[in-house]
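Here is how names work: the chains are called A, B, and so on, in the same order as the sequence lines, proteins then strands, and each is numbered from 1. Computed from heavy atoms alone, side chains included, the values below leave out hydrogens, waters and symmetry copies.
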Amino acid sequence: MDINLEQTLFCGQSFAWTKTGSLYEAVLFGRCIRLDEQSFASVVADDPELAAYFDMDWEYAKAQSYLSSLDPYLASCITRYEGLHLLNQDPWEVLISFLLSQNNNIKRIRSMYQTLCRAFGSEVGTQKFAFPSPQQLEMATEAELRALGMGFRAPYLLDAIRCHALLDEIPNLSTEKAATHLMTIKGVGPKVAACILVFAFHRMDAFPLDTWMLKVMKSRYPGKDASFFEPYAALAQQYLFHAERLGGGVV
DNA sequence: GGCCAGGCCCCAG
DNA sequence: CTGGGGCATGGC
């Protein structure tokens, strides 16, 4: 079971990637990454950093097979979007990305993410900008962030900058304690905390519930919760979320 | 042009 | 602890 770049990079877990033709591009690890489905395997074989990012060593075959056995609808989602991997992204980048995500849509989150890169990030290639470090974002004022279109999230970003060091403690905490810890940051609630735990820390027992997922749970899994999908709740969530957005809930 | 978007804060009961 | 209004902005 191979990774599918299209499903993995455009399922709403990362906002760093663009696609032109068959080429996927992002600035990560301080360099420009260019990939397509054809050359992916050989590129990643020689690039441990990318292999870790794309989570190439995890038990996707086992997880997809188990989840497919749980219920037919989830099985159909996995068939349709097979090869969706959960990325191991930089915690800082995920924290800021999902602060931007609240009461927002994916298209605009991506645009706001790029705005922060251009305004505060390092230029890595011609007109290619890395996501800004905490130190780079520290230069921003609330007025400046609002002028850049961050809206009511501007003070949340400032608090995240102030608290960024607490991300270092997350690996040592249980998922539940880690969520509580993350929620001490202004603007981080249960949903954003869960996204950080899944997309940066690979916690399979975290389960982000946004408006789309609430719809799915209500209509297709009434009375159930994350425990129904254990021990792969996070992966199930991502398939269900992606299918709901793309397929409009078609079986 | 109104509705909605990968929510959360804050305040009332 | 639970419920509901308000919030900036742009895509549709």
Side-chain angles (χ1 to χ4, degrees), chain A residues 7-18 77 81 84-87 89-116 118-119 131 140-163 166 175-176 178-221 225-226 229 233-249:
Chain A
Q7 311 310 335
T8 298
L9 297 177
F10 293 98
C11 68
Q13 62 176 323
S14 167
F15 308 100
W17 294 85
T18 59
C77 295
Y81 306 112
L84 190 167
H85 279 207
L86 292 170
L87 299 168
Q89 301 180 70
D90 174 57
W92 165 249
E93 184 175 326
V94 177
L95 165 61
I96 298 300
S97 296
F98 282 88
L99 277 175
L100 299 180
S101 79
Q102 62 169 282
N103 203 31
N104 209 346
N105 60 69
I106 289 183
K107 193 156 246 166
R108 196 163 81 100
I109 299 165
R110 181 169 275 111
S111 140
M112 291 164 79
Y113 173 101
Q114 298 295 346
T115 297
L116 289 181
R118 275 191 288 274
F131 190 79
T141 64
E142 178 172 342
E144 190 175 4
L145 291 173
R146 284 184 183 271
L148 289 170
M150 301 301 138
F152 65 87
R153 306 166 189 84
Y156 301 161
L157 297 181
L158 292 180
D159 199 53
I161 292 161
R162 190 177 62 80
C163 299
L166 70 76
T175 296
E176 194 181 352
T180 306
H181 201 48
L182 288 168
M183 286 190 287
T184 60
I185 301 171
K186 228 181 192 15
V188 178
K191 191 275 173 181
V192 170
C195 285
I196 298 168
L197 289 169
V198 176
F199 303 137
F201 295 98
H202 210 269
R203 295 294 176 98
M204 280 298 139
D205 51 343
F207 198 69
L209 284 171
D210 72 313
T211 54
W212 299 91
M213 273 304 292
L214 286 172
K215 226 185 307 178
V216 179
M217 293 306 290
K218 189 175 173 188
S219 64
R220 298 188 183 272
Y221 302 94
D225 59 17
F229 304 104
L235 185 63
Q237 180 276 153
Q238 198 56 25
Y239 268 107
L240 291 171
F241 168 80
H242 192 47
E244 191 68 16
R245 282 197 64 245
L246 264 55

*Asks:* Is there a side-chain contact between A:Thr211 and the phosphate of B:dC4, meaning an N or O under 4.0 Å from OP1 or OP2?
*Replies:* no

*Asks:* Which part of the nucleic acid, if any, lies within reach of A:Phe15 when heavy atoms closer than 4.0 Å are counted: base, sugar-phosphate only, or nothing?
*Replies:* nothing

*Asks:* Determine whether more than 12 heavy atoms belonging to other residues, nucleotides or ligands lie under 6.0 Å from atom NZ of A:Lys107.
*Replies:* no

*Asks:* Listing time: all N or O pairs from protein to nucleotides 10-13 of chain B that are below 3.5 Å?
*Replies:*
unit_1: B:dC10; atom_1: OP1; unit_2: A:Lys186; atom_2: NZ; d: 3.1

*Asks:* In whole angstroms, how far is the P atom of B:dC8 from the CG atom of A:Asp159?
*Replies:* 14 Å

*Asks:* Using the C1' atoms only, state how far B:dC4 lies from C:dC7, rounded to an integer number of Å.
*Replies:* 14 Å

*Asks:* Without decimals, in angstroms, what is the distance between A:Ile96 CD1 and B:dG6 C1'?
*Replies:* 16 Å

*Asks:* Taking the C1' atom of each, how far is C:dG10 from B:dG1, in whole Å?
*Replies:* 13 Å

*Asks:* If I take atom CG in residue A:Leu87 and atom P in nucleotide B:dG6, what distance separates them, rounded to the nearest angstrom?
*Replies:* 18 Å

*Asks:* Kindly say whether A:Val216 contributes a backbone atom to a donor-acceptor pair with the side chain of A:Glu244 at under 3.5 angstrom?
*Replies:* no

*Asks:* Indicate the ring-plane relationship of A:Phe15 and A:Tyr113, choosing parallel, tilted or perpendicular according to the 30° and 60° boundaries.
*Replies:* tilted

*Asks:* Counting side-chain heavy atoms from C-beta on, which of B:dG6, B:dC8, B:dG7 comes nearest to A:Pro190?
*Replies:* B:dC8

*Asks:* Expressed as a whole number of Å, how far does the P atom of C:dG6 sit from that of B:dC3?
*Replies:* 14 Å

*Asks:* Kindly compute the distance separating CZ (A:Arg203) from CG (A:Leu86), expressed to the nearest 0.5 Å.
*Replies:* 14.0 Å

*Asks:* What's the CG-P distance between A:Leu182 and B:dC8, to the nearest Å?
*Replies:* 12 Å

*Asks:* Expressed as a whole number of angstroms, how long is the span from A:Phe98:CZ to B:dC8:C1'?
*Replies:* 15 Å

*Asks:* Say you pick atom P in B:dC11 and the same atom in C:dA8; how far apart are they, in whole Å?
*Replies:* 15 Å

*Asks:* Rounding to a whole Å, what distance do you find between A:Leu214:CG and B:dC8:C1'?
*Replies:* 14 Å

*Asks:* Both A:Met213 and A:Met183 contact DNA chain B. Taking the nearest nucleotide for each, which residue is further toward the 5' end?
*Replies:* A:Met213

*Asks:* How many angstroms lie between CE in A:Met150 and CG in A:Leu116, if you round to the nearest 0.5 Å?
*Replies:* 4.0 Å

*Asks:* Distance check needed: C:dC12 P versus A:Ile109 CD1, whole Å only.
*Replies:* 14 Å

*Asks:* CD of A:Glu176: more than 12 outside heavy atoms within 6.0 angstrom?
*Replies:* no

*Asks:* Between B:dG7, B:dG6, B:dC9, which one does the side chain of A:Phe241 approach most closely?
*Replies:* B:dG6

*Asks:* Say you draw a straight line from OG1 of A:Thr211 to NZ of A:Lys215; how long is it, rounded to the nearest 0.5 Å?
*Replies:* 6.5 Å

*Asks:* Just the atom pairs and distances: protein N or O near nucleotides 7-11 of chain C's N or O, under 3.5 Å.
*Replies:*
unit_1: C:dA8; atom_1: O4'; unit_2: A:Phe152; atom_2: N; d: 3.3
unit_1: C:dA8; atom_1: N6; unit_2: A:Asn103; atom_2: ND2; d: 2.4
unit_1: C:dA8; atom_1: N1; unit_2: A:Asn103; atom_2: O; d: 3.2
unit_1: C:dA8; atom_1: N1; unit_2: A:Arg153; atom_2: NH2; d: 3.4
unit_1: C:dT9; atom_1: O2; unit_2: A:Arg108; atom_2: NE; d: 3.2
unit_1: C:dT9; atom_1: O2; unit_2: A:Arg108; atom_2: NH2; d: 2.8

*Asks:* Quick one: A:Trp212 CH2 to B:dC4 C1', roughly how many Å, whole number?
*Replies:* 9 Å

*Asks:* Mind checking what makes salt bridge (Lys or Arg N to Asp or Glu O under 4.0 Å) contact with A:Asp225, not counting sequence neighbours?
*Replies:* none

*Asks:* Of A:Trp92, A:Phe199, A:Tyr156, which is the lone residue that meets ring pair (Phe, Tyr, Trp, His ring centres under 6.0 Å) with A:Phe98?
*Replies:* A:Phe199

*Asks:* Taking the six-membered ring for Trp and the single ring otherwise, decide whether the centroids of A:Phe10 and A:Tyr81 are under 6.0 Å apart.
*Replies:* no

*Asks:* According to the Watson-Crick and G-U wobble definitions, with both distances under 3.5 Å, which nucleotide is paired to C:dC1?
*Replies:* B:dG13

*Asks:* Using a 4.0 Å heavy-atom cut-off, does A:Gly12 contact any base of the nucleic acid, only the sugar-phosphate backbone, or nothing at all?
*Replies:* base

*Asks:* Looking at A:Glu244 and B:dG6, is any side-chain donor or acceptor paired with a base atom of the opposite kind under 3.5 Å?
*Replies:* no

